[in-house]
Amino acid sequence: MCIDKEGDFMEKQNEDQYEVTISRLSKYYEGVPVFYNLNMKFLRNRVTAILGPSGCGKTTLLNIISGIEKDYSGKVNLRGSTISYVFQEDRLIPYLSVYDNVAFVLKSTMKKDRIDLTVRKFLRMVELWDYKDKLPCKLSGGMKRRVALARAFAYKSDLLLMDEPFKGLDDRLKSDIIKKFLMIYRESARTIILVTHDKAEAEKLGDVIYSLD
């Protein structure tokens, strides 16, 4: 089921308003269907929340959209999107400092002085500038999560995939980062697909909500 923030079913949109279109998607694990003839559309420059319990296929869907998962039938069309991805696992480069983990993804798209300004901005946003020289092994789980968020926010992608992005954060920091996330989204629009099992989080962040059972 797909609803907008006011609880109404989505009206038909022109095809060029979609960043991602999924048609007749089927995916099986060991003969058991995860998806069967699934159809979904994701509006450009909007936040779409995918809500559902553990094991319903939310992460699998993000992996299919990103191209990580290729074993499926059906069509997934992206409009030439550049993608950044916040995984459930932090996936930091272990031998790079916090600063360099964020800077690493920017090297192909920014000049050095711009990289420095961008890394400073986003590490301060997640309250980790004082830890910029630390290696990931010296960080707590919540701090690693914040580095992963800073890295994804800093990279100027058309499509941002977020898999349980605020997991492991305490309530105060989670609330603060969500506020800053919304501020960044409003400043520089991009299409965001957010996976969560938290209904309140989906309702707060999603312009559109898909519910998977």
Side-chain angles (χ1 to χ4, degrees), residues 2-8 10-11 13-14 16-22 40-52 58-59 61-62 65-66 78-88 90-91 101-103 105-106 109-110 114-115 117-129 142 145-211:
C2 179
I3 58 175
D4 68 15
K5 211 163 190 176
E6 284 67 45
D8 298 322
M10 286 178 62
E11 297 179 357
Q13 305 285 336
N14 295 329
D16 62 0
Q17 292 182 290
Y18 295 111
E19 191 76 45
V20 182
T21 303
I22 295 173
M40 302 176 82
K41 293 182 178 181
F42 299 90
L43 288 167
R44 181 177 296 111
N45 296 335
R46 301 279 291 277
V47 179
T48 300
I50 301 175
L51 176 66
K58 303 186 302 296
T59 297
L61 183 60
L62 288 192
I65 292 171
S66 70
L78 281 69
R79 295 178 60 87
S81 306
T82 55
I83 299 174
S84 53
Y85 198 150
V86 179
F87 296 91
Q88 283 194 29
D90 302 305
R91 301 200 181 189
N101 259 281
V102 180
V105 301
L106 306 177
T109 60
M110 291 184 186
R114 184 63 183 168
I115 288 174
L117 289 172
T118 302
V119 174
R120 286 172 181 266
K121 173 183 175 180
F122 287 99
L123 285 182
R124 286 185 170 131
M125 185 194 83
V126 298
E127 300 180 10
L128 284 178
W129 178 247
R145 170 102 314 218
R146 286 147 63 189
V147 178
L149 287 169
R151 184 173 60 184
F153 291 164
Y155 182 70
K156 181 58 177 167
S157 58
D158 301 311
L159 176 62
L160 173 57
L161 305 177
M162 307 181 77
D163 192 358
E164 302 282 0
F166 308 112
K167 180 180 67 175
L169 303 179
D170 63 61
D171 289 343
R172 182 200 65 80
L173 189 58
K174 177 179 177 179
S175 177
D176 188 48
I177 289 181
I178 284 175
K179 288 178 184 176
K180 290 172 180 174
F181 161 74
L182 290 171
M183 178 183 69
I184 293 166
Y185 167 65
R186 294 177 186 123
E187 285 179 354
S188 56
R190 67 178 88 178
T191 305
I192 298 172
I193 303 176
L194 167 75
V195 154
T196 182
H197 65 271
D198 186 330
K199 184 178 179 182
E201 192 174 289
E203 290 176 345
K204 183 177 181 64
L205 296 176
D207 297 307
V208 176
I209 301 172
Y210 278 103
S211 180

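Hydrogens, waters and symmetry mates are skipped; everything else that's a heavy atom, side chains included, is used. In this chain, residues are counted from 1 in sequence order.
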Donor-acceptor pair, distance only, cut-off 3.5 Å: does the side chain of [X] make one with the backbone of [Y]?
X: Thr196; Y: Ala202; answer: no
X: Ser175; Y: Arg172; answer: no
X: Thr191; Y: Asn45; answer: yes
X: Asp163; Y: Val195; answer: no
X: Arg146; Y: Glu127; answer: yes
X: Lys58; Y: Gly52; answer: yes

- With Arg120 via side-chain hydrogen bond (donor to acceptor under 3.5 Å, both in side chains) - residues at least two apart: Asp116

Is the shortest side-chain heavy-atom distance between [X] and [Y] below 4.5 Å?
X: Pro165; Y: Leu194; result: yes
X: Leu123; Y: Val102; result: yes
X: Leu61; Y: Ile50; result: yes

Nearest heavy atoms of [X] and [Y], plus distance in Å:
X: Lys156; Y: Thr82; answer: O-OG1, 4.1 Å
X: Leu169; Y: Leu173; answer: CD2-CD2, 4.2 Å
X: Arg190; Y: Ser157; answer: NH1-OG, 3.4 Å

- Task: Give a yes or no on whether Asp171 atom CG has more than 12 heavy-atom contacts from other residues, nucleotides or ligands under 6.0 Å away.
- Result: no

- Query: Is Arg124 atom CZ crowded by more than 12 heavy atoms from other residues, nucleotides or ligands, each under 6.0 Å away?
  - Reply: yes

Quick test of your reading of the model: are [X] and [Y] salt-bridged, counting only N-O distances below 4.0 Å?
X: Glu19; Y: Arg46; answer: no
X: Asp90; Y: Arg145; answer: yes
X: Asp176; Y: Lys180; answer: yes

- Task: Determine, using ring centers only, whether Phe42 and Tyr18 are less than 6.0 Å apart.
- Result: no

- Task: Go through the steps for Ile192 and Thr48 under the test side-chain contact (heavy atoms from CB on, under 4.5 Å), then give the verdict.
- Result: CA-CA 6 Å; Ile192 298 172; Thr48 300; over 6 Å; no

Nearest 0.5 angstrom please: [X] [atom1] to [Y] [atom2], how far?
X: Lys167; Y: Met162; atom1: NZ; atom2: CE; answer: 13.0 Å
X: Thr118; Y: Leu106; atom1: OG1; atom2: CG; answer: 6.0 Å
X: Ile115; Y: Thr109; atom1: CD1; atom2: OG1; answer: 7.0 Å
X: Leu51; Y: Tyr210; atom1: CG; atom2: OH; answer: 13.5 Å
X: Met40; Y: Ile65; atom1: CE; atom2: CD1; answer: 7.0 Å
X: Ile193; Y: Leu159; atom1: CD1; atom2: CG; answer: 5.0 Å

- Message: Is the ring pair Phe153/Phe122 parallel, tilted or perpendicular, if the boundaries are 30 and 60 degrees?
- Response: tilted

- For Arg91, check salt bridge (charged side-chain N to carboxylate O under 4.0 Å, His left out) against everything at least two apart and list the hits. Glu89

- Item | Worked verdict on Phe166 versus Leu149 for side-chain contact (heavy atoms from CB on, under 4.5 Å) | CA-CA 9 Å; Phe166 308 112; Leu149 287 169; 4.2 Å; yes

- From CA spacing to verdict: side-chain contact (heavy atoms from CB on, under 4.5 Å), Phe87, Leu161: CA-CA 8 Å; Phe87 296 91; Leu161 305 177; over 6 Å; no

- Decide salt bridge (Lys or Arg N to Asp or Glu O under 4.0 Å) for Lys174 and Asp198; before the verdict, give the C-alpha distance in whole Å, the side-chain angles of both, and the deciding distance to 0.1 Å. CA-CA 13 Å; Lys174 177 179 177 179; Asp198 186 330; 3.7 Å; yes

